[in-house]
Every structure is written in structure tokens, then in C-alpha cells.
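Here the structure is a predicted model, which means the values were calculated and not measured.
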Amino acid sequence: RIPGHQQYKSHSCHLNGDYSQAAVLCCAGALGHDITVTHLSPVTTQGDRAILRHLMALGATVEESDNHIRVKADKLHGATLDMHDCPDIAPILALTAQLAEGESRLTHCGRLRLKECDRLAATVEILNLLGGEVARLGKKALVIAGPRAWAATEGKAEKSLKDAGVEFELSLYPDQNTYERAKEHALQALTTGCQVIVGIGGGRIMDQAKATAHFAGDLPIVEVPTSIATCAAFAPLSVMYTAEGASLGSLRYDHEVNAIVMDMDVICKEPPRYAASGIMDGMAKMIEIQNGRSEILLDDVSIGLFTAYTIAEMAYHVYEKEAHQACHDIAEGKLTKAVEDIAYLNVAVAGIVSGVSKGFGQTALGHETYELVRTHFTQEAKPYLHGEIVAIGDCLQLAFNGHPEQVAPFRDFMRSMNMPLTLEDIGIDPNSPKMENLFQDLFHSPFMEPTAENEARLRKAMHYLSAD
């Protein structure tokens, strides 16, 4: 029993080093880096001190002296490791054991599911990829795949599922992401006893898989993106369309997908145009979060949106540095650090930005322009990718944010990525009567406070959709 109404008093005390955090460094030493970690007391009740005996069981050399621990590389071999009293170090031990010769087993891992996040899921994702991920969630799956994407997996997806003992129904789906087909797929999943939805393909397939899972009662979802043209694999929403390709807005979810498995060999075989489109879509996050503001300050926005902007700003600068190299390497079929970095930004980081902002606030006029172009100029927009149209809309967004001087350098970057620059470049007449419809829909969108000042700002910004 602790009595209430007490007061804290400051004092100094000594805290032992944290074996849980040190475990990562110790494993790095075991893998060949000869690392010494200091301020770790040998006299402790911390269960994660077990990292030392587990590494020795794998064959690493561990030396202790005073409060110093040195871990050196040696030939690692398989071992059975009991995680009962040290669940926090299971993920890093699983990765280390994967790099040892022979089979390793981690036992008594059930407590991992009760941690801050499902750490067992994260560990299994590393080890088993697609088949293991799906098997963790169910024994039968509905696989929705684009025909070209299914072929691009070269049988690896099918083999992985079969090796993991997962039965599956296959729907090769080449069409738009519509409500009707998502509901039909949901009925197919339920009537055939499917417990998991797997999407394999580009953005439309990713969104169709999420919508299908939603209409089937929120079944688990595993996404296998074969393109990095959008963050659709990760984002907690689906962009919905008519059968003809007109946008119907977004279906939003209050949860993320269960897993993403991305085969970089497949990504490196896609045309670099898809990567470039994803780059422009990723860069849009920073521009659109500002929506009408010249800068983002913590005092002015929620912590979620401020966090999203901070991540998006970091990503923007990496895009500027690595985008061209990544597209060049993809064109040559090379898997390089630049390609891995851009793939991670396009799918995971852009998806995280969407997640921490709960899908709201991280897109604005640029993405709304995309949806309205799809709606009012459906036929003209058909040949163009999501990010290609979004980038044109972000020229308007920059001007509306009060930074028209940034449009020219942004277009220079678009040009260097072989992007269309204006509505004329995608076959749309800027003098079309439909442009007034586009303006009115933008002005009355959720991203715009309908004031006379904003109407004038938007009218002026509309000019940046067209050639100078």
C-alpha cells in the first residue's frame, strides 16, 4: 500500500546499464565487429543479461572484466535458446541466429505477443517472409493479384505459401479498385473459408486487398507490393474508383495492414517510371502537410501532424539526394543502397507519415487535384500514374502555401525525373470548361476553408497547373 498526497524529492542515484539495449551491440560484436560495451554490471537481476550466455551458445567469444563486456566474432553455429525470461532480446537473437550455420530454435516465445507491439510477428516476418507471415495469421488465404504482378513473382509467392502449408484461392484481377469488386472478393473469401487476404501487385491491388479485408469483417491483410509507385501497401486507406477509372475518394481504416513482404528482385525489374512516380508521391507529403501555411510549427498543429511533417521533411531531402541514382540503378536492374533507400521511403516511410497523421492532413490540394483530374478528365488521365498527376497538383499546392518561387525548382526536379510538368503534358486543355468544375471542387474540398481570401489565393494558384 502506498499512501497518497506525498511529494517527490530530488536525489542522486546510480543506475546500471541496460542489457536489453546493449544486446544489439553485443550481437553486432558476435557478427564480426569486436565490440566492447561498458557500464554493464555483472551483478544484476536483469533477465536480459541472458544475451551473454545465448551468444556463447551460438559460438561467440564473450569476455567480462569489471563493468566491461567484450564480444568478438567467431564461427557461429545453431543452438536452442530459451526466451522465457528474456523476451525483449528475442528479435535481435533471431536475426543473429539466422546468420549462423545450422538450425537454431527460439523456445518459449509466447510472451512476445504481450509486449508493446507484437514482437513475435516482427521476428517471424524476418524469418519466413510471405508463407510464414500468412501462416501466422491463418491457414487459408484469398490471394488477389494483378496478372503481370503474379507473373513477376516467378512462382516464388506460390511456392512460399505451399511450403508454409497455406491453402489459397487465387483471383487474378486486372481492373480498377471498385467497391463492387471488393465486396465480391469479400464474399468469395467468406464462402471459401479464407482467413487472410493477400494482395500482390501495384497500388490498385494493394487498395483492393485492404477494401476486401474490410468488407469481409476486417480479416488480416498481407501486402506484397511489386511496385514502389505509391505507399498504398502501407497506408491505412484505399483510394476507390468507378469501373471507368473516375475517383470516388478514399475508404479509410483505423488500423494498418498486418505485414508487408517486398521482394527487391521484383522491384528492380519494374520500369524506373514506377519508382519515379512513387518518389513524387513521397515528396508530396512535405508539401501538402503545409497546406496554406508557409511553415509548420508545433504550437500551430497537432503532435501527430508535426511528427508526420518532420519525417516527411527528412524523406524529402533524401529523395533530392538519391532519387536519380535509384532510378538509374533500377533501369539497369541493379539492387543498390539507393534503390533500397528509395523503396523504403516510397512504401514504409510514406506509409508511416500517413499512419501517424491517421490518414488526414498528410495529403491536401495536390492529391485532391489528382482525384479531381481522374474524375473530370478520366480518359485523359488513364495513361498516367498516381505520382505523375500528384506532382502537377503540388505545383498548385506550393503556390497556395505562399511559395510560388519554389514551383520552378520543383518543376526542374520533375523534368529531371521524366515527369509530365503541366496539365497540357497529360492532354488536358487548361481552357476546358471542366477546369471551373475542378476549381469549384477544390475550393469546396475538406482541405479548404471557403473564405474570400482563400478563393482568391486558389484562383491564382490554379495558374501553376498549366505551362508558364
Sort out for me which residue in Leu297, Val301, Ile289, Val353 forms a side-chain contact (heavy atoms from CB on, under 4.5 Å) with Tyr309. Ile289

Side chain to side chain, [X] and [Y], heavy atoms closer than 4.5 Å:
X	Y	result
Leu187	Phe215	no
Cys27	Ile51	yes
Val166	Val134	yes
Ile287	Asn401	yes
Leu142	Val198	no
Val224	Val266	no
Leu248	Thr375	no
Ile69	Tyr19	yes

[X]/[Y] ion pair, N-O < 4.0 Å:
X	Y	value
Arg374	Glu371	no
Glu313	Lys285	no
Lys210	Asp207	yes
Glu340	Lys337	no
Arg70	Asp34	yes
Lys140	Glu169	yes

Report yes or no: do [X] and [Y] form a side-chain donor-acceptor pair below 3.5 Å?
X	Y	answer
Asp82	His54	no
Asn177	Gln208	yes
Asp394	Tyr370	no
Asn16	Gln46	no

Checking Thr369 against Val390 for the side-chain contact (heavy atoms from CB on, under 4.5 Å) test, could you report, in this order, the C-alpha distance in whole Å, the side-chain angles of both residues, the deciding distance, and whether it holds? CA-CA 7 Å; Thr369 297; Val390 166; over 6 Å; no

May I ask you to decide if [Y]'s main-chain N or O and [X]'s side chain share a donor-acceptor pair within less than 3.5 Å?
X	Y	result
Thr230	Gly278	no
Glu288	His367	yes
Asp329	Thr336	no
Ser250	Arg252	no
Ser227	Gly202	no
Arg53	Arg49	no
Asp281	Ser277	no
Thr44	Ser41	no

Give a yes/no verdict on a cation-pi contact between Arg148 and Tyr274, requiring under 6.0 Å between NZ or CZ and the six-membered ring centre and an angle within 45° of the axis. yes

Work out which heavy atom in [X] is nearest to a heavy atom in [Y]; give both atom names and the distance.
X	Y	result
Cys231	Gly351	CB-N, 3.8 Å
Met414	Ala391	CE-CB, 3.7 Å
Ala315	Val349	CB-CG1, 4.2 Å
His77	Ser104	O-OG, 4.4 Å
Gly78	Leu58	C-CD2, 4.4 Å
Thr178	Ala243	CG2-N, 3.8 Å

[X] [atom1]: over 12 foreign heavy atoms closer than 6.0 Å:
X	atom1	value
Tyr344	OH	no
His255	NE2	yes
His39	NE2	no
Glu332	CD	yes
Arg105	CZ	no

Would you list the pairs meeting salt bridge (charged side-chain N to carboxylate O under 4.0 Å, His left out) in which at least one residue belongs to residues 219-248, sequence neighbours left out? none

Any pair with a residue in residues 254-263 that passes salt bridge (charged side-chain N to carboxylate O under 4.0 Å, His left out), sequence neighbours left out, goes on the list, sorted by first then second residue, please. Lys156-Asp263

Measuring from atom [atom1] of [X] to atom [atom2] of [Y], what distance do you get when rounded to the nearest 0.5 angstrom?
X	Y	atom1	atom2	result
Tyr319	Met314	OH	CE	9.0 Å
Leu219	Cys194	CG	SG	8.5 Å
Met419	Arg411	CE	CZ	14.5 Å
Thr310	Ile296	OG1	CD1	9.5 Å
Leu55	Thr61	CG	OG1	10.5 Å
Met264	Ile228	CE	CD1	6.0 Å

Apply salt bridge (Lys or Arg N to Asp or Glu O under 4.0 Å) to Glu167 and Lys162, showing your working. CA-CA 7 Å; Glu167 298 180 50; Lys162 288 181 177 179; over 6 Å; no

Determine whether Lys183 and Thr212 satisfy the following criterion, side-chain contact (heavy atoms from CB on, under 4.5 Å), listing intermediate values before the conclusion. CA-CA 6 Å; Lys183 291 175 181 178; Thr212 296; over 6 Å; no

Anything under 30° is parallel, anything over 60° is perpendicular, the rest tilted; go ahead and classify His324 against Phe413. perpendicular

With sequence neighbours left out, which residue pairs that include part of residues 147-176 fulfil the ring-ring contact (aromatic ring centres under 6.0 Å, His included) condition? Tyr173-His185

Could you go step by step and tell me if Met417 and Ile279 meet the side-chain contact (heavy atoms from CB on, under 4.5 Å) rule? CA-CA 9 Å; Met417 299 294 291; Ile279 288 165; 3.6 Å; yes

So Ile260 and Val257, side-chain contact (heavy atoms from CB on, under 4.5 Å) or not? Walk me through it. CA-CA 8 Å; Ile260 299 171; Val257 303; 3.8 Å; yes

Walk me through whether His376 and Asp441 qualify under side-chain hydrogen bond (donor to acceptor under 3.5 Å, both in side chains). CA-CA 10 Å; His376 295 301; Asp441 287 347; 2.7 Å; yes

